[in-house]
Amino acid sequence: MRTEISTAAAFVTRLLRAAGGVGEEQLRCFRECLQEAMHEHYKHHWFPLVPSKGSGYRCIRINHKMDPLIGKAAGMIGLSHERLFQLLPSELTLWVDPFEVSYRIGEDGSICVLYESPQPGAKVAKQLESRTSCKEEWRIGRSSPSKSYNMMTVSS
């Protein structure tokens with residue numbers, strides 16, 4: 001569970017870093033707070049023998065309202081929900097399941113895998129960094145070739 005949670009928290013932290021305006025110390029604290037919140041939230045809903053069981057409960061979602069786990073971690077570093085909506089994609093789904101972490105930006109976006117264990121229960125896990133289209137998707141804010149999503153709005 002720790003690897004999956006760490007991967008998911010690192011991803012959300014990278015989204016905040018890419019948007020700019022959040023200091024490195026704040027980002028470090030955010031990541032730690034998000035990991036702790038996720039671990040506490042998932043501890044009784046983690047089923048390695050049936051990885052899809054509880055998937056909806058472990059889903060992190062931003063869609064016209066802020067996910068409470070992200071909101072809680074952001075509050076710990078002084079970021080409001082309004083600021084988070086400016087910094088993060090307006091539609092983000094992040095699935096944190098045993099042996100796999102994946103995400104989708106936009107309702108019609110591709111599902112991209114961030115982490116996957118080669119086989120359930122295997123000790124060796126691999127980070128999937130070679131999926132350039134998915135890896136770049138969150139940077140450029142595109143959900144599919146036909147639709148573009150802006151990831152952030154900067155106001156002064």
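Put simply, the side chain of Arg58 gets close to the backbone of Val96: a donor and an acceptor are under 3.5 Å apart. Under the 3.5 Å distance criterion, the side-chain polar atoms of Glu32 are left unmatched by any main-chain donor or acceptor of Cys29. Not one N or O on the side chain of Arg31 forms a donor-acceptor pair closer than 3.5 Å with the backbone of Gln26. Using modelled atom types, no side-chain atom of Tyr57 and backbone atom of Tyr42 make a donor-acceptor pair closer than 3.5 Å. Panel note: side chain Glu116, backbone Phe99; no donor-acceptor pair is recorded below 3.5 Å. The backbone N or O of Met1 lies less than 3.5 Å from a partner atom in the side chain of Glu4, making a donor-acceptor pair.
The CG atom of Asp97 sits 6.5 Å away from atom CH2 of Trp46, with the distance rounded to the nearest 0.5 Å. To the nearest 0.5 Å, atoms OG (Ser80) and CE (Met66) are separated by 9.0 Å. Within the model, atoms CZ of Phe11 and CG of Leu34 stand 12.0 Å from one another, a figure rounded to the nearest 0.5 Å. Residue Leu94 holds its CG atom at 6.5 Å from CG of Leu114, rounded to the nearest 0.5 Å. A distance of 7.0 Å separates CG in Leu16 from CD1 in Ile77, rounded to the nearest 0.5 Å. Taking CG from Leu88 and CZ from Arg83, the interatomic distance works out to 10.0 Å, rounded to the nearest 0.5 Å.
A salt bridge does not link Glu91 with Arg61: every distance from a Lys NZ or Arg NE/NH1/NH2 to an Asp or Glu carboxylate oxygen is 4.0 Å or more.
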- Kindly indicate, with the supporting measurements, whether the criterion side-chain contact (heavy atoms from CB on, under 4.5 Å) is fulfilled by Tyr115 and Val113. CA-CA 6 Å; Tyr115 164 86; Val113 177; 5.7 Å; no

- Take Trp95 and Ser55, measure what side-chain contact (heavy atoms from CB on, under 4.5 Å) needs, and give me the verdict at the end. CA-CA 7 Å; Trp95 294 276; Ser55 183; 4.0 Å; yes

- Task: For Arg104 and Ser110, run side-chain contact (heavy atoms from CB on, under 4.5 Å): C-alpha distance rounded to whole Å, both residues' side-chain angles, the deciding distance at 0.1 Å, then the answer.
- Result: CA-CA 6 Å; Arg104 179 183 67 203; Ser110 299; over 6 Å; no

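Side-chain contact annotation: Arg28 with Thr13, donor-acceptor N/O pair under 3.5 Å absent.
Summarising the local packing, CE of Met76 is surrounded by 12 or fewer heavy atoms from other residues, nucleotides or ligands at distances under 6.0 Å.
Contact of the His41 side chain with the Leu69 side chain is registered, since non-hydrogen atoms from C-beta on lie closer than 4.5 Å. Under the 4.5 Å side-chain criterion, counting only non-hydrogen atoms from C-beta, Lys53 is not in contact with His45.
Paired with Leu84 under the rule side-chain contact (heavy atoms from CB on, under 4.5 Å), one option of Val12, Asp67, Ile62, Ile70 passes, and it is Ile70.
Taking all atoms of both residues into account, the shortest heavy-atom contact from Pro98 to Pro48 is CB-CA, 3.9 Å.
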